[in-house]
Every structure is written in C-alpha cells, then in structure tokens.
Colleague: 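Here it is, the structure in full.
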Amino acid sequence: MTPDGRRPLVAGNWKMHGRVGTTSAYVQRLLELLDDDGTVETAVCVPFTALAAAVEAARGSRLLVAAQNMHQEDDGAYTGEISSAMLAEIGVRGVVLGHSERRLHAGETDRALADKVPAALTAGLLPILCVGESEEERDAGETQRRLRYQVQEALEKVPTERLAGVVVAYEPIWAIGTGQVAAPEDADEAMAFIRALVGDRSKEAAGRLRVLYGGSVKPENAAEILAQPNVDGALVGGASLDPASLAEIARAARR
Ligand code: PGA
C-alpha cells in the first residue's frame with residue numbers, strides 16, 4: 001500500500017510486440033519472478049492476438065491481463081473494432097485507453113474516450129486512462145491546461161461513485177520511449193494536479209484514485225519515481241518486454 005492506502009499497480013504495455021507463441025513463456029517467467037501476494041497489483045497489456053494466451057497462462061494467479069484499446073459500443077457496424085464485452089468474454093480484466101500513440105497514429109479522441117471509459121467500467125474492465133502533455137505544450141507552460149482538458153473530458157460520463165475505479169496514467173509524451181524521464185518532483189506535481197481535478201468531482205474518489213507514471217520507467221529509475229507521494233505505480237513500455245525488468249519494477253513498488 002502507498003502511505004495513503006492505495007494499492008500500487010505496475011502495468012507492462014507491450015505495445016505492438018509479442019506473438020502468441022511466446023506469450024505463455026513470458027507470463028510463466030513473470031509469475032515465477034513476481035511476489036504474487038497482492039501487495040502490488042501487476043498487469044500485462046498485450047496485443048489482441050495474444051490476449052487469450054496471456055489469460056490462459058495467468059489463470060490461477062493475480063496477474064491482470066489487459067488490452068491496449070477497445071471500441072465504446074458493445075456490438076455494431078464497426079469493422080476491425082473490438083468491444084469491451086468481447087474482451088470481458090475471454091477473461092480480459094483491464095484496458096489501456098487513450099495512449100498517446102493511439103491519439104497520434106490512430107485518431108483517438110477525448111470525445112471517444114468519454115464513452116470508452118464508462119463502457120470499460122460497465123463491462124467490468126479496469127480502465128487505464130493515459131494523459132500527458134507534449135514537449136511543445138510543456139515548453140509553453142500548457143501542461144496543466146492539457147491535463148485538465150484530457151482528464152475532465154474522458155471522465156465526464158463516469159458516475160461519481162465509479163470514479164475511483166479508474167486508473168489514470170500520467171505519461172508526458174516527450175518521456176515515452178525516449179529514455180528521458182520526468183524529474184520525479186515534476187511528475188509528482190502533475191500527478192497531484194490530476195488527483196485534484198478528480199477531487200473537484202469527489203474528494204473521496206480523489207483519495208482512492210490510482211495515478212501511475214509512464215515514460216521510460218526502468219528498473220534503474222523506478223524506485224525514485226515510485227517513492228513520490230502521488231505516484232501509485234507505473235505504466236512500463238519498453239522495459240516490460242523483459243519479464244525480469246517488469247518484475248523488478250513491481251518489486252520497487254512494494255513499500
Ligand atoms: P516507455 O513507454 O516505457 O517505453 O517509455 C511507456 C508507455 O508508452 O506506456
């Protein structure tokens with residue numbers, strides 16, 4: 001638990017990496033290395049094709065298997081899309097929403113996210129909502145404005161009593177995959193701001209809300225970031241491709 005009683009979450013985001021053929025071995029290795037006692041919640045966010053294999057390999061453990069996107073409707077004429085109901089049906093328990101790579105390359109919008117976040121909750125999936133400013137926005141002093149818009153828009157249709165069931169990942173875009181990590185104090189400040197935005201709707205939910213940091217988290221820098229008061233875990237990209245690194249970061253989240 002964090003000092004405020006929130007259970008840390010460390011989630012590995014494989015992005016477009018991983019094959020069905022190697023997924024079981026990865027999950028088995030991760031489970032060998034993890035202290036799977038529930039102190040830290042651990043998740044792997046894998047490509048659609050690897051979800052069933054990951055769910056199967058994680059069966060009987062606490063490891064949460066998550067997708068990296070979903071459509072907001074349950075069914076319909078949306079060729080190429082996958083719904084929350086379809087994910088839940090195969091045993092998936094979480095979903096990454098609004099990752100900056102999807103915002104940049106796949107036309108993900110805050111408007112769509114406003115429907116996706118509540119749809120995920122309704123299907124029983126843990127939504128991991130990604131927000132964060134670009135380098136230009138940071139340099140122009142626009143970080144808080146960007147975060148306010150993203151957080152308020154995406155959570156707009158989430159009923160107040162369900163707000164605490166959302167996980168928000170603060171991922172400054174300039175820190176993703178670049179090896180450049182936000183200064184821990186700067187990250188903490190942005191994350192405190194995100195918590196305060198939720199606090200405008202419900203103080204109680206803000207106290208329970210888990211906010212993760214993402215952007216070049218590695219075993220070497222994890223402890224320092226995770227020690228910040230508003231950091232409740234990490235969303236890990238590149239380093240999560242090695243189960244030993246993800247397990248080490250999860251260990252750093254035990255405090
Ligand atoms: P990174 O990615 O750890 O490779 O920087 C983080 C993310 O995009 O979630």
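Here, residue 1 is the first one in the sequence, and each next residue gets the next number. Both ligands and their constituent atoms are indexed starting at 1 by order of listing.
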Colleague: Do R195 and D200 meet the salt-bridge criterion of a basic N to acidic O distance under 4.0 Å?
Modeller: no
Colleague: For ligand 1, which atoms sit closer than 4.0 Å to a heavy atom of H99?
Modeller: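 Checking each atom against H99, I get 7 (C), 8 (O), 9 (O).
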Colleague: For H71, does its backbone N or O pair with a side-chain atom of K116 as donor and acceptor, under 3.5 Å?
Modeller: no
Colleague: With a 4.0 Å cut-off on heavy atoms, does G214 reach ligand 1?
Modeller: no
Colleague: I'd like to know if R111 and E156 make a salt bridge, using a cut-off of under 4.0 Å between side-chain N and carboxylate O.
Modeller: yes
Colleague: Taking R103 first and then D110, would you say they form a salt bridge - that is, a charged N and a carboxylate O separated by under 4.0 Å?
Modeller: yes
Colleague: After noting the C-alpha distance and the side-chain angles of R138 and E142, does the key distance pass the salt bridge (charged side-chain N to carboxylate O under 4.0 Å, His left out) rule?
Modeller: CA-CA 6 Å; R138 179 188 62 158; E142 297 278 317; over 6 Å; no
Colleague: Is E248 salt-bridged to K218, going by a charged N under 4.0 Å from an acidic O?
Modeller: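 K218 and E248: not salt-bridged.
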Colleague: Quick one: do E101 and K15 satisfy salt bridge (charged side-chain N to carboxylate O under 4.0 Å, His left out)? Show the steps, please.
Modeller: CA-CA 9 Å; E101 287 153 13; K15 309 193 178 187; 2.7 Å; yes
Colleague: Mind checking whether N13 contacts ligand 1 via backbone (N, CA, C, O), side chain (CB onward), both or neither, at a 4.0 Å heavy-atom cut-off?
Modeller: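 N13 to ligand 1: side-chain contact only, backbone stays beyond 4.0 Å.
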Colleague: Find all atoms of ligand 1 within a distance of less than 4.0 Å from any non-hydrogen atom belonging to S216, and give their numbers and elements.
Modeller: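 Within the 4.0 Å cut-off of S216, ligand 1 contributes 1 (P), 3 (O), 5 (O).
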Colleague: Numbering the atoms of ligand 1 from 1, which are under 4.0 Å from a heavy atom of L235?
Modeller: 9 (O)
Colleague: With heavy-atom distances below 4.0 Å as the criterion, list the atoms of ligand 1 near A175.
Modeller: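 Counting atoms of ligand 1 from 1, those under 4.0 Å from A175 are 5 (O).
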Colleague: Please identify which atoms of ligand 1 are closer than 4.0 Å to at least one heavy atom of G177.
Modeller: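 The atoms of ligand 1 under 4.0 Å from a heavy atom of G177 are 1 (P), 4 (O), 5 (O).
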Colleague: What is the nearest protein non-hydrogen atom to atom 4 (O) of ligand 1, stated with its residue, atom name and distance?
Modeller: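 Answer, as residue, atom name and distance: G238 N, 2.8 Å.
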Colleague: Test salt bridge (charged side-chain N to carboxylate O under 4.0 Å, His left out) on D35 and R62 and set out the steps.
Modeller: CA-CA 10 Å; D35 305 296; R62 291 188 170 87; over 6 Å; no
Colleague: Does E171, backbone or side chain, put an N or O under 3.5 Å from an N or O of ligand 1?
Modeller: yes
Colleague: Which protein non-hydrogen atom lies closest to atom 3 (O) of ligand 1, naming both residue and atom, and how far is it?
Modeller: G237 N, 2.9 Å
Colleague: Quick test: of every protein heavy atom, which one is nearest to atom 2 (O) of ligand 1, and how far off is it to 0.1 Å?
Modeller: K15 NZ, 3.2 Å
